[in-house]
Trainee: 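Dropping the structure in here first, questions after.
Protein chains get the first letters and strands the later ones, always in sequence-line order, with residue 1 at the start of each.
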Amino acid sequence: MAWAIKEQVEKNWSEPGDFSGLSVAFLVKVDRQGNVLSVKMTRSSGNARLDESAENAIFKASPLPFPGEARFYEYLKEFNFVFKPES
Amino acid sequence: MTSKKVTSIKGVQYAFMLIVVVAMATIPPGTAAGALTIEITQGEKSGIPIAAVPFRWHGTGNPPENLRGIVAADLHRSGRFELLPPADFLSRPSEVSEVRYKDWRLIKAEALVVGRITEKGPDRFEVSFQLLDVYRERVKVALRYTASADQLRQVAHQISDRIFYEMTGIKGAFDTRIAYVAMNITEENDRVYQLMIADSDGHNAQQILKTTNLPVLSPAWSPNGQWLAYVSFSDNRSGANVWLQDISTGSRRPVARFDGSASAPAWSPDGKSLALTVSAKGNTDIYVLGVSSGEMRRLTKHPAIDTEPAWSPDGRYLVFTSDRNGRPHIYRVSRNGGKAERLTREGKENAGASYDPIGNRIVLVTNRGQGAGYQIGVFYPESGRTDVLTDGTLDESPTFSPNGAMILYATRMGSEGVLAAVSADGRVRQVLKVTDGDVREPAWAASR
């Protein structure tokens, strides 16, 4: 389901330009239904347009596709997104 | 376009475990230790979803211009935005105090444009607009303009420029001008040529020259937007010559006297020189003319046809079309002359090349062979690759927008020539609303 989450966020990410070579990281907290509760930028790319568009993508992708089984929640309640655009 | 897909469904659990292991083994700097890391490498290329609310009208009768319509058309044409349909809007705010951001997150808009037009007096209008960040709930830009009715289209283009810059980091090029040639056949079977200038969307067209049965060709803007150089004829007997016309006064003169004919003018980036094609004594080569000195310097010397020169943005090189190896292809030569280097090798023919404002890309007309006809392509000199952007059979005269984000070109619709714009990635193509006959040879000015 990591792939499903990845796909859902990529589908919601509208790259505002070519930012290949830069990367931005977020720590994301979600509830058991996959709803995004908080997004904290842990490392900026140095470009506000890339940072904001990536953060938008996470919000727009909410709720994230989550498995029903409770045992996965421990792994998934908090995780990192790294946006690393390729040209 | 889409993300890389996993083909095996059964492998999902395994992939998940693997990712957790990998993530724990190599924790990128700036991420929380111990947590799963998902790497996003590719977004959608569909454009930034943006909602533009119709501007609220405070005045009598109907609003003098549809500002929202002009802005939306500009942003759409650029290929960088996905305009959300107004039918989906849950509310119609006209300023930030009326905005419920949640309404716009529900339709997944990332940015919101609101505004109003207020009648302040006879032919005096105040336009206010705000660009809002839907997810961070803040104002990105708030501006106010005062204008007469016939300035409102320009105000709308300036609003588009501001939004484009805020969202992409690239200077907008909507508030710019284009030039083109329109041809009409009269009832007496005369061919009337008009040299026109218009806004970048084809509106507000204005005639600056009219000739009968003497073609007008190849308009080229001076870098400061004051002059147009173009090819015309004094009468039926003499050859083509290059003329200079002052846009504001309308005064014009031939750039020089030639034994043969001169065509295809291209301004140097500093505006001091014009590269030209000169045909004399059965040979066609590239020359450089000092605009004020009138001094001519021959750049190429080859028995084949060398034509269609264009300067690199740093002014050090010129590209041109030559058939010296059989079919027409693009060559590059130093501004000081010397040996020309062949650039294009793909395709059957390439012609009509010019640089983007940075100098990384060259736009051209390409013929891929096998009866494919002529399309607009973007050629990357570093890799030698060409991306074909259009699908016509007679597309020609491509010209980059001053910000390099769009390309204007001439194409055919039925038997008529029309102008069309394509985003530099080829994703969005649109025919411009220009309705003065058979239209061709567009040129995009570097400044207003």
Side-chain angles (χ1 to χ4, degrees), chain A residues 1-20 23-30 36 39-45 47-62 64 67 69 72 74-87, chain B residues 1-9 11-13 15-20 22-23 27-50 80-82 105-111 133-136 138 140 164-170 405 424-425:
Chain A
M1 79 285 315
W3 293 105
I5 296 171
K6 175 181 161 75
E7 266 200 52
Q8 178 135 331
V9 174
E10 287 187 337
K11 219 166 56 195
N12 281 285
W13 183 32
S14 311
E15 288 181 76
D18 182 5
F19 292 110
S20 45
S23 81
V24 52
F26 300 93
L27 180 66
V28 177
K29 288 186 179 159
V30 289
V36 173
V39 179
K40 193 181 142 219
M41 187 160 60
T42 46
R43 179 169 39 85
S44 165
S45 70
N47 185 301
R49 291 180 181 88
L50 173 59
D51 292 355
E52 288 178 6
S53 78
E55 196 180 37
N56 287 347
I58 300 169
F59 282 123
K60 282 162 68 192
S62 175
L64 297 171
E69 296 149 77
F72 286 118
E74 281 310 304
Y75 289 106
L76 290 171
K77 63 185 178 190
E78 186 176 288
F79 56 91
N80 300 303
F81 271 117
V82 177
F83 287 72
K84 218 175 181 176
E86 292 170 352
S87 60
Chain B
M1 291 283 147
T2 52
S3 55
K4 290 156 206 151
K5 291 206 173 69
V6 185
T7 43
S8 151
I9 307 251
V12 163
Q13 274 223 354
F16 171 60
M17 294 305 291
L18 192 68
I19 273 208
V20 172
V22 169
I27 296 156
T31 55
L36 168 68
T37 294
I38 298 177
E39 196 174 275
I40 309 292
T41 54
Q42 240 170 351
E44 285 290 305
K45 308 286 190 220
S46 53
I48 302 166
I50 188 167
R80 303 291 186 108
F81 294 88
E82 184 202 342
R105 285 196 289 268
L106 272 172
I107 63 166
K108 294 193 176 187
E110 293 188 24
D133 181 334
V134 170
Y135 284 90
R136 276 154 292 274
R138 63 182 178 85
K140 285 170 96 81
F164 191 85
Y165 175 72
E166 287 300 326
M167 300 303 296
T168 67
I170 300 165
D425 63 1

Trainee: Who pairs with A:Ser45 by side-chain contact (heavy atoms from CB on, under 4.5 Å), at least two apart in sequence or on another chain?
Mentor: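 Per chain and number, A:Ser45 pairs via side-chain contact (heavy atoms from CB on, under 4.5 Å) with A:Leu22, A:Val24, A:Asn47, A:Leu50, A:Asp51.
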Trainee: Could you tell me which portion of B:Asp133 (side chain, backbone, both or neither) has an atom closer than 4.5 angstrom to a non-hydrogen atom of chain A?
Mentor: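 Side chain only.
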Trainee: Can you name the nearest heavy-atom pair linking A:Phe79 to B:Leu36, along with the distance?
Mentor: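 Where A:Phe79 meets B:Leu36 most closely, the heavy atoms are CB-O, 3.1 Å.
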Trainee: How about B:Glu82 and A:Ser14: do any of their side-chain heavy atoms sit closer than 4.5 Å?
Mentor: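 SC-SC contact between B:Glu82 and A:Ser14 ruled out.
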Trainee: With a 6.0 Å cut-off (strictly less than), is the heavy-atom count around NZ of A:Lys84, excluding the residue itself, greater than 12?
Mentor: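 No, NZ of A:Lys84 has 12 or fewer neighbouring heavy atoms, counting only those of other groups under 6.0 Å.
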Trainee: How far does CD of B:Gln42 sit from CD of A:Glu7, to the nearest 0.5 angstrom?
Mentor: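 B:Gln42 CD to A:Glu7 CD: 11.5 Å, rounded to 0.5 Å.
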Trainee: Is there a donor-acceptor pair under 3.5 Å between the side chain of B:Lys108 and the backbone N or O of A:Lys60?
Mentor: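 Side chain of B:Lys108 to backbone of A:Lys60: a pair is present.
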Trainee: For A:Lys6 and B:Thr41, work out which heavy atoms get closest and say how close.
Mentor: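 Scanning both residues, the minimum pair turns out to be NZ-OG1, 4.1 Å.
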Trainee: Regarding A:Arg49 and the six-membered ring of B:Phe164, is the cationic atom NZ or CZ under 6.0 Å from the ring centre and inside 45° of its axis?
Mentor: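 Checked: cation-pi criterion not met.
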Trainee: Is there a side-chain contact between B:Arg136 and A:Asn56 in this structure, where contact means two heavy atoms from C-beta onward sitting under 4.5 Å apart?
Mentor: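 Yes, at least one pair of side-chain atoms sits under 4.5 Å.
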Trainee: Hey, could you give me the CG/CG distance between A:Asp18 and B:Asp425, rounded to the nearest 0.5 Å?
Mentor: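 Taking CG in A:Asp18 and CG in B:Asp425, the distance rounds to 11.0 Å.
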Trainee: Find the distance between CZ (A:Phe83) and CD1 (B:Ile38) and round it off to the nearest 0.5 Å.
Mentor: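 Between A:Phe83 CZ and B:Ile38 CD1, I get 9.5 Å after rounding to 0.5 Å.
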Trainee: Check the pair A:Glu52 / B:Arg138 against salt bridge (charged side-chain N to carboxylate O under 4.0 Å, His left out), numbers first and verdict last.
Mentor: CA-CA 12 Å; A:Glu52 288 178 6; B:Arg138 63 182 178 85; 2.8 Å; yes
Trainee: Under a 4.5 Å heavy-atom cut-off, does chain A meet the side chain of B:Arg105, its backbone, both or neither?
Mentor: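 Neither part; nothing is under 4.5 Å.
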Trainee: Taking ring-ring contact (aromatic ring centres under 6.0 Å, His included) as the definition, give me every residue that meets it alongside A:Phe19, ordered by chain and number, with sequence neighbours left out.
Mentor: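 Testing A:Phe19 for ring-ring contact (aromatic ring centres under 6.0 Å, His included), a comparison that skips the adjacent residues, returns none.
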Trainee: Can a salt bridge be assigned to the pair A:Glu15 and B:Lys45 using a cut-off of 4.0 Å between side-chain N and carboxylate O?
Mentor: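 Result for this pair is yes, salt bridge flagged.
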